[in-house]
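The chains referred to below are lettered A, B, ... by the order of the sequence lines, with proteins before strands, and numbering in each begins at 1.
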Amino acid sequence: MIRDELALRLRSAMERLVAAGEVPEGDYDLPEIAESKSPEHGDYASNFALTAAKKAGLSPRELGERLQKALAADAAFESVDLAGPGFLNLKLTTAALIATVGDVLELGEAYARTRADAPRRINIEFVSVNPNGPITVGSGRGAAFGSTLANVLSSAGHTVHREYYINDGVNSEQMRLFAESVKALVEGRAVPENGYKGDYVQAVADAIGVSGDHGTGWFQTQSQAIMLAKQRDDLATFGVEFDTWFSEQSLHDGGLVDACLLELEAKRMADDEPYRTVLKLAKGGKVEEVERQDQPQDEDDADGTGNTVWLRSTKFADDMDRVLRRKDGRLTYIASDVAYHRDKFSRPLNADKLITVLGPDHHGYIGRLTAVVAALLERPDQHGDGTPLDPIEARIYRTSDERDACAAALAEAKERLEVVIFQIVRFVKEGKPAPMRKRDGNIYALIDLLDELGKIQAPDADLDEQRRIGRDVARYFYLMRSHETHMDFDIDLATKRSDENPVFYVQYAHARIEAVLRKAEEEGLVQFGMPSRDVLGLLTDPRERALIKKIADLPWEVRRCAEDYGVHRLTSYAVELARAYHHFYDGCRVVQPTQPDLSRARIALCRSAQIGLRAVFGLLGISAPERM
RNA sequence: GCGCCCGUAGCUCAGUGGAUAGAGCAGCCGCCUUCUAAGCGGUAGGUCGGAAGUUCGAUUCUUCUCGGGCGCGCCA
């Protein structure tokens, strides 16, 4: 990777200066290498002299001059200039640049992979919607983001496990309502008030057909299975696959939820005392006041099945305690989550770190989910430093040891569980917001979006091809924006005017390369094996240099994305790489029978550009068409 | 009230504390007898919501403020 290489060369120049006594010893950071914005600034630039000047006790210009001198001895640089307040502008020799082309051709798409400094086994859970409807265009964003993030993490050297959590619990209020809606339709009755009304509900009812005398539970099982299969198909069409489809109900069936509740009660992280703790938080999250709200048992409730069981999540900075078991004995959704996370951590192959990708409406869920994990991790035998409880803490914790154990557990939970929220997508159709709630029937299914996009683009193609196009456009569109920013999805723009979508710009570059390579083959210029260094050394045009540098940047981009999850930058990178190729294509004719060596060098460059494009397309989950 | 996110070109949005803030689309002017014109070149378009602070340097970090979206259930 060129940037890493340059950073190391800069550092070793610094070490030479230290050894020569020209610069004091110190704990200098690894230099940063940036792309130069204009050609007169060379290929790359570093602000190292600026950032290290203070530690070196020199002015930035002075340190810059010494570094410049030390770097002049390095054969990789054609020139090293000192500019502005102390920027080092680095121009590479052709020999140093073309080494990249050789590397890429040798490694193929694997050149984009890097080795993580700290490789981890990561479980990434995403989409995970209720099996009560098709995957919507809203979930599409989570699907595109989650699958791409998984690809990126894997490419950055981590072991990645993709997981879908099926919310099929029999206690689920929503799923019961869905089952009742289906049951009503099958039995020819009106769906209940607040029930599910979309066409797809009728489709589920039709698929189930004539009823015997079945209860709601039977309908729930049947309709869930139908919806789940549909979701799985739609996601696969969208290019999203999972290693594990995990059933919530299986936790109940295996008795794991009950076992976890007992465990938490034994640790006194949960209990059935008749109160709920509620924290009043000041700005910045500091606890201002602790309120205990009495939750008296309802005296009229004669069945007396038991008391409400609370998770004392306020011990872990959640703003209120959460119900694990309702008074009537039914378990809540979060109770399943306790067992689910216990299960996830207990699996030997993916226990390091959990990433959970949730939609914007689940923002309020982060605190309690983190508290769930912390409660599981809390070790009651731990002792703290004995600092007495202050009056506020005394209303939350029993002892100072418990406070310290909980703090330690919370810190560990935050380390091991990362909840990533993607922001809302607003769908606009015919200039108006298009609501897509499942219950009012006005849903917008992801698969319908793919079909629409494909039909406009390729009216004569078959359905598979249309959906491929739809998938490429939709995935690219979702991924263009940062997951943490709101986005408008203008459906009219995405369909009627989709030829304006930049996905075609980047794919066109790939199709163009294919055309050039076909032409080269016709002219008998295709060679097997690597062109010699002398031949590759003919790649000296600025457009060739720019293309090589852009190809070389992919591993660096992947690593950045893996660090901060900003996978949307890959779409920008794809555009930049495609642009670099289009510029090269425009200015440098590849196939020239009168100049076979130059042609071969350029063919090699085309091939590495193609490898780069395919690699980034693979990460984004879009196709690399041979013709357009 | 508390929390998360956003405010950058006409529109939709990029922009790891660095040099002259970018792209696509929309607008205007050019370029196909040569490998795909779904392309390329040129042109026009900006008080980076506002104010203070940190810094050699702030669109980027901190605080405040104005405007907008969303979330704060014994629903998931």
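- Rounded to the nearest Å, the gap between the C1' atom of B/C74 and that of B/U12 is 43 Å.
- With centres under 5.5 Å and a plane angle under 30° as the test, the ring of A/His582 is not stacked against the base of B/G39.
- Annotation: cation-pi pair A/Arg312/A/Tyr275 present, NZ/CZ under 6.0 Å from the ring centroid and within 45° of its normal.
- When the nucleotides B/A14, B/U36, B/C64 are ranked by their closest atom to the side chain of A/Ala515, B/U36 comes out on top.
- By the 6.0 Å and 45° rule, A/Arg512 does not stack over the aromatic ring of A/Tyr581.
- Ion pairing between A/Asp321 and A/Arg292 fails under the 4.0 Å rule for side-chain N and carboxylate O.
- A donor-acceptor pair shorter than 3.5 Å can be found between the side chains of A/Tyr196 and A/Asn132.
- Residue-nucleotide stacking is present for A/Phe87 and B/A19, judged by a side-chain ring centre under 5.5 Å from the six-membered base ring centre and planes under 30° apart.
- Computed from coordinates, the A/Leu517 CG to B/C35 C1' distance equals 10 Å when rounded to whole Å.
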(request) Go through A/Glu523 and A/Gln592 one step at a time and tell me if the side chain to side chain donor-acceptor pair (under 3.5 Å) criterion holds. (result) CA-CA 9 Å; A/Glu523 300 290 338; A/Gln592 300 186 70; over 6 Å; no
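- The residue A/Glu521 sits apart from the nucleic acid: no heavy atom pair falls under 4.0 Å.
- Using atom C1' as the reference point in both B/U54 and B/G45, the two lie 34 Å apart (nearest Å).
- Between A/His583 and the phosphate of B/G41, there is a side-chain N or O to OP1/OP2 separation shorter than 4.0 Å.
- In the set B/A23, B/C13, B/A76, the nucleotide with an atom closest to the side chain of A/Asp488 is B/C13.
- Distance, A/Tyr478 OH to B/U12 P: 19 Å, rounded to whole Å.
- Of the candidates B/G39, B/G24, B/A76, B/A76 carries the atom nearest the A/Tyr333 side chain, counting heavy atoms from C-beta on.
- In this structure, of B/C74, B/A37, B/G18, it is B/C74 that holds the atom nearest to the side chain of A/Thr308.
- One C1' atom belongs to B/C72, the other to B/C25, and the distance between them is 38 Å to the nearest Å.
- Of the candidate nucleotides B/A19, B/C2, B/G68, B/G68 has the atom nearest to the side chain of A/His486.
- Straight-line distance between the C1' atoms of B/A44 and B/A9: roughly 10 Å, to the nearest whole Å.
- Residue A/Arg512 has a polar side-chain atom (N or O) positioned under 4.0 Å from OP1 or OP2 of B/A37.
- Within 4.0 Å of A/Ala34, counting heavy atoms only, lies at least one base atom of the nucleic acid.
- Below the 3.5 angstrom threshold, one finds a donor paired with an acceptor across the side chain of A/Asn47 and the base of B/G18.
- Applying the Watson-Crick and G-U wobble criteria (two distances, each under 3.5 Å), B/G17 pairs with nothing in any strand.
- Phosphate contact (OP1/OP2 of B/G15, side-chain N/O of A/His568, threshold under 4.0 Å): present.
- For the 3.5 Å distance criterion, the side chains of A/Asp168 and A/Gln224 fail to qualify, holding no donor opposite an acceptor.
- Salt bridge annotation for A/Lys550-A/Glu35: present, with a cationic side-chain nitrogen under 4.0 angstrom from a carboxylate oxygen.
- If A/Glu35 and A/Ala578 are placed on RNA chain B by their nearest nucleotide, the residue sitting closer to the 5' end is A/Glu35.
- Between the base of B/A37 and the side chain of A/Asp586 there is no donor-acceptor pair shorter than 3.5 Å.
- Within the 4.0 angstrom heavy-atom criterion, base atoms lie near A/Arg627.
- Using a 4.0 Å heavy-atom distance criterion, A/Thr571 is classed as making no nucleic acid contact.
- When ring centroids are compared, A/Phe477 and A/Phe489 come within the 6.0 Å threshold.
- Base pairing annotation: B/G3 forms a Watson-Crick or G-U wobble pair with B/C70, both donor-acceptor distances under 3.5 Å.
- Using a 4.0 Å cut-off between a side-chain N of Lys or Arg and a carboxylate O of Asp or Glu, A/Glu557 and A/Arg560 qualify as a salt bridge.
- Heavy atoms of A/Arg579 sit under 4.0 angstrom from primed sugar atoms or phosphate atoms, though from no base atom.
- Side-chain contact, A/Thr114 with A/Arg559: no donor N or O sits under 3.5 Å from an acceptor N or O.
- As judged by a 4.0 angstrom heavy-atom cut-off over every strand, A/Asp168 is placed among residues making no nucleic acid contact.
- When the side-chain nitrogen and oxygen atoms of A/Tyr165 are compared with OP1 and OP2 of B/A76, none of them lie within a distance under 4.0 Å.
- B/C66 and B/C11 have their P atoms separated by 25 Å, with the value rounded to a whole Å.
- The side chain of A/Arg569 has B/G15 as its nearest neighbour among B/U36, B/A76, B/G15.
- At a threshold of 4.0 angstrom between heavy atoms, the contacts of A/Lys280 with the nucleic acid are absent.
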(message) Using a 4.0 Å heavy-atom cut-off to protein, can you give one letter per nucleotide of nucleotides 50-55 of chain B, 5' to 3': B if the base is in contact, S if only the sugar-phosphate is, - if neither?
(response) ------
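- A/Met320 places its CE atom 16 Å from the P atom of B/G71, with the value rounded to the nearest Å.
- Counting only heavy atoms from C-beta on, A/Phe504 has its side chain closest to B/A38 among B/C35, B/A38, B/C40.
- The distance between atom OH of A/Tyr505 and atom C1' of B/G24, rounded to the nearest whole Å, is 10 Å.
- Residue A/Met487 is classed as a sugar-phosphate contact, given heavy-atom separations below 4.0 Å to backbone atoms only.
- The listed nucleotides are B/A19, B/C40, B/C72; the one nearest the side chain of A/Asp319 is B/C72.
- A salt bridge between A/Glu576 and A/Arg579 is absent, with no side-chain N of the basic residue lying under 4.0 Å from a carboxylate O of the acidic one.
- The gap from the P atom of B/G1 to that of B/U60 amounts to 26 Å, rounded to the nearest Å.
- One atom, CG of A/Leu577, and another, C1' of B/A23, lie 15 Å apart when rounded to the nearest Å.
- For B/C40, neither phosphate oxygen OP1 nor OP2 lies less than 4.0 angstrom from any side-chain nitrogen or oxygen of A/Tyr581.
- With its glycosidic angle within 90° of 0, B/C32 adopts the syn conformation.
- In terms of position on RNA chain B, the residue among A/Val591 and A/Asp321 whose nearest nucleotide sits closer to the 5' end is A/Val591.
- Counting non-hydrogen atoms under 4.0 angstrom, A/Ala83 reaches a base of the nucleic acid.
- No engagement by A/Glu576 is indicated, since no non-hydrogen atom pair under 4.0 Å with the nucleic acid exists.
- When the nucleotides B/C4, B/A19, B/U36 are ranked by their closest atom to the side chain of A/Ala45, B/A19 comes out on top.
- In this structure, the nucleotide among B/U16, B/G18, B/A14 sitting nearest to the side chain of A/Thr485 is B/A14.
- For the pair A/Met480 CE and B/A23 P, the computed distance is 16 Å after rounding to whole Å.
- Looking at A/Asp586 and A/Arg589, no side-chain N of the basic residue comes within less than 4.0 Å of a carboxylate O on the acidic one, giving no salt bridge.
- OP1 or OP2 of B/C40 has not a single side-chain nitrogen or oxygen of A/Arg543 nearer than 4.0 Å.
- The distance from atom CD of A/Glu291 to atom P of B/G1 is 19 Å, rounded to the nearest whole Å.
- Summarising the geometry, the separation between CD on A/Gln610 and P on B/U36 is reported as 14 Å, rounded to the nearest angstrom.
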